[in-house]
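Below, all heavy atoms of this structure are taken into account, side chains as well, without hydrogens, waters or symmetry copies. Predicted model, so just to flag it, every value in this text is computed and none were measured.
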Amino acid sequence: MTSRSLLLGALAAAGAVLGAGTAAAPASAAGCATVRPTNVKVAPSASGDRVTVTWRARSRSSRLAFRVSRDGAVVGQTRSRRYSVALAPGAKARITVAAVLGSRLTRCRTTVRASGPAAGSRQTPSAVTGMAARPSGRRVVLTWDPAKAGRSPLAGYRVLRNGRTLKRTKARRLTVTPTRRAVRYQVAAYDRKGRLGSRSSVVTVKKGHAAPSAPQGVGYQPASDTRVTLTWAAARAFGSRIAGYRVVRDGVTVKAATGTTLELPATTAPKTYRVVAMDAAGYASAPSAPVVISRPGAGAGATGGRMQRAPAGPPSTPGAPRATAVADTTVTLAWDPATVPTGGALRGYRVMRDGQVVGQVPDPSTTVGNLAPKTAYSWSVAAVDTQGRVSDPSAATTIVQADPPAAEGKVHAFLLASTDASYAAFRNHYRRIGTVYPTFYDCVRPSGAGQGQIEGTNNADIVRFAADRKVRVFARYNCQDPFVLHRIFTEPALRATWINRMVADSVAYGYDGVNVDFEAGFPGDRNLMTSFVSDLSDALHARGKLLSQAVSPKTTDNVNHPRGGIFDYPELSKYNDVVFVMAWGLHWATSDPGAQDPIDWVTQIADYVAAQPRKEKFVMGSMLYGMDWPDGGGLLNEADGRFASEIAQLAARPGATNTYDAATASWHLAYTDDAGRPHDVWYSDPDALALRIQIARQRGLGVGFWRLGQEDERIWSIPTLP
């Protein structure tokens, strides 16, 4: 085995990244030669409302995918060389196919003009709509609406599981058994000639997933002589989000809505409707109570079933709500009750927040949760009778929520702002975090106009959430291209742009400071880096802001080191308020498999850092993910990052072995994929991570993580966390 310096030299030459960032995607003509989609063709689909887009690309890399857009809007992403795009008969559109390497969208793309199929050309059955999943005991029932036949009568439905046919059925329901692994189901109709219609939307079934709550407070008010406005309270999702609502009649979807109102026709003959909530996984709630709608004068609407003789009018207006208890995320309300005319009966009260219905309750009091701390809300209520008629809303009362509990921990944690799971982890565990580093900004790396400039945007929700809970925010400015970094350091105008922008952003958006993550710089730019940091520090400190810097790990100060040479720890610590040492990367994506942070190496790094003159400014960072190398790794078998949930699934595969390596204090998982390729995964579990935290704390150093999101939840219970 070669020395560590030679290994890291090979890493730098290969363009790999030891820190938090990723390599740039190709943008030049030469870089696009193997990945650019070519020979892009568009052909009408037999469904009559879609076109099939096909293309070629020379590269067969497992990291290569393609993003398909219609008139600038993304419609999907695939690793294959074909994609079906919805396009109405006779419609015109621009179809773009762009190459994606890993998680980075490249500028290697091709755009063509397309026309929709000719009108009336449908031959196959229609797409299946109304696909939904409903838990039933330990099983899940899949249901869907009937499809329409094309030129031949329908013969049945094909149910697909993870894209492969599971079974054929003439029924419009199927009962399946959920597993711990998420399984995707779709349905397509086929006719007597074997022609297949378009697939339904995807329903993702997983053990333990609960359906949304049923919509409450369904009622209506006349919108015109022939139409009514149906309204209901928002449903609640569990482990997902509400994606929309379906209004059904006789078990079949009539209309869909994304909000909580919908206009429907009111016919002379009464018709009964129910509302169903749908979450993002495709799970459907139980249907709401029925509401019977007819044209005014033809009969009264009713909720709960039977038509009744209408009372003289709607309920009276209830009293304005008042707060009986206020916390940071909950409020308890009470109000004077309403009355109903003779012959009527009160069903309950709609509770409205800022004019929007959030629920219906039977009594004149309730507790509402899921509120934002320090936020003012306007509350009002309206009475609903058993006929579905709604009173005028009460007078509104404005109530301000209490402050949230402040953070108590001192962990430094990076947050990937483009990933919902990362922000969710921060929200769930902010009490253990003292400083958060949201990844807002990058340097423009492709050649041409704009190279070296700053791209990215602020996320006010993240900043506000952290500030309300007394967590410091250091916005991350990332650049890992040595040529771009050299320009930033040496070109006066570009240098000033970066310094001025970082200072201006920190003031405008309320950051406590900024984090500079400049990696992979030339060792010869060491003094230029220090000079830049010095000037940036002066500019930030003059505005009352702080500076943090991410640095590559080192055990000695080798000024010629390809990764660490540019970082002068003693000098940088003069100007930075926090120095975040990325104590991982001894093995990387294109190296041979092995522990990224073996314990002896981490100990040497910590000892070197602890010997620095201002060691109290240093944070020892640890990774919260593993690396998965196929076929022995190397340049041709690049590793993928794996999070805790993925590692657990891989460990459960038949024949997998999971072994603790005491020499490195890391876990080694070996498994074989579906294609028969061997894999090596190296990662740290919470116990192994606790050892690295202990090393840092014993030396008086801070503790940091890259990055929040999909980590093993048990890490937040490590007793030695600061």
Side-chain angles (χ1 to χ4, degrees), residues 10-40 53-69 72 74-83 95-111 416-419 422 439 441-448 450-452 455-456 478-485 517 519-520 585 587-591 593 625-631 633-643 646 673 675 677 679 706-707 709-710:
L11 165 62
V17 176
L18 255 177
T22 56
S28 65
C32 287
T34 61
V35 300
R36 184 193 302 277
T38 60
N39 199 28
V40 179
V53 186
T54 58
W55 61 90
R56 296 178 182 174
R58 289 168 54 189
S59 174
R60 293 292 172 181
S61 169
S62 61
R63 298 178 62 242
L64 178 62
F66 300 92
R67 189 168 297 175
V68 182
S69 303
V74 176
V75 296
Q77 186 164 311
T78 179
R79 293 190 183 276
S80 72
R81 269 59 170 175
R82 62 186 296 120
Y83 201 83
I95 305 295
T96 300
V97 184
V100 178
L101 276 177
S103 60
R104 183 178 290 274
L105 177 66
T106 74
R107 296 189 179 183
C108 308
R109 60 191 64 194
T110 301
T111 300
L416 198 59
S418 59
T419 303
S422 194
T439 59
Y441 306 105
D442 287 278
C443 59
V444 178
R445 300 178 67 181
S447 60
Q451 182 188 34
E455 61 181 355
N478 174 56
C479 192
Q480 302 189 26
D481 186 313
F483 297 98
V484 174
L485 289 177
D517 192 353
E519 300 176 52
H587 290 83
W588 58 93
T590 54
S591 76
Y625 64 96
M627 294 292 283
D628 180 349
W629 287 269
D631 287 328
L635 288 174
L636 300 180
N637 298 292
E638 186 172 347
D640 290 321
R642 299 294 187 193
F643 291 105
E646 296 175 303
D673 64 22
R677 296 188 305 170
H679 286 249
W706 172 275
R707 62 172 173 80
Q710 299 181 338

Look at the side chain of [X] and the backbone N and O of [Y], then say whether any donor-acceptor pair between them is shorter than 3.5 Å.
X      : Y      : answer
Trp629 : Trp588 : yes
Arg79  : Gln77  : no
Arg642 : Met627 : no
Thr54  : Arg82  : no

Student check: side-chain heavy atoms of [X] and [Y] closer than 4.5 Å:
X      : Y      : answer
Val68  : Val74  : no
Leu485 : Glu519 : no
Phe66  : Tyr83  : no
Thr110 : Val97  : no
Val40  : Val53  : yes

Please report the interatomic distance [atom1]([X]) to [atom2]([Y]), rounded to the nearest 0.5 Å.
X      : Y      : atom1 : atom2 : value
Thr419 : Gln710 : OG1   : CD    : 8.0 Å
Asn637 : His679 : CG    : NE2   : 9.0 Å
Arg81  : Arg60  : CZ    : CZ    : 4.5 Å
Leu64  : Leu101 : CG    : CG    : 5.5 Å
Asp442 : Asp481 : CG    : CG    : 11.5 Å
Asn478 : Cys443 : CG    : SG    : 6.5 Å

Where is the tightest heavy-atom contact between [X] and [Y], given as atom of each residue plus distance?
X      : Y      : answer
Arg109 : Pro37  : CA-CD, 4.1 Å
Thr439 : Ala417 : OG1-N, 3.1 Å
Pro630 : Ala639 : CD-CA, 4.4 Å
Val484 : Gly452 : CG1-CA, 3.6 Å
Leu416 : Ser422 : N-OG, 2.9 Å
Ala520 : Pro482 : O-CB, 3.1 Å

**Item:** Whether over 12 other heavy atoms sit under 6.0 Å from Arg677 CZ
**Value:** yes
**Test log, rule side chain to side chain contact (heavy atoms under 4.5 Å, CB included), inputs Arg36 and Thr106** = CA-CA 9 Å; Arg36 184 193 302 277; Thr106 74; over 6 Å; no
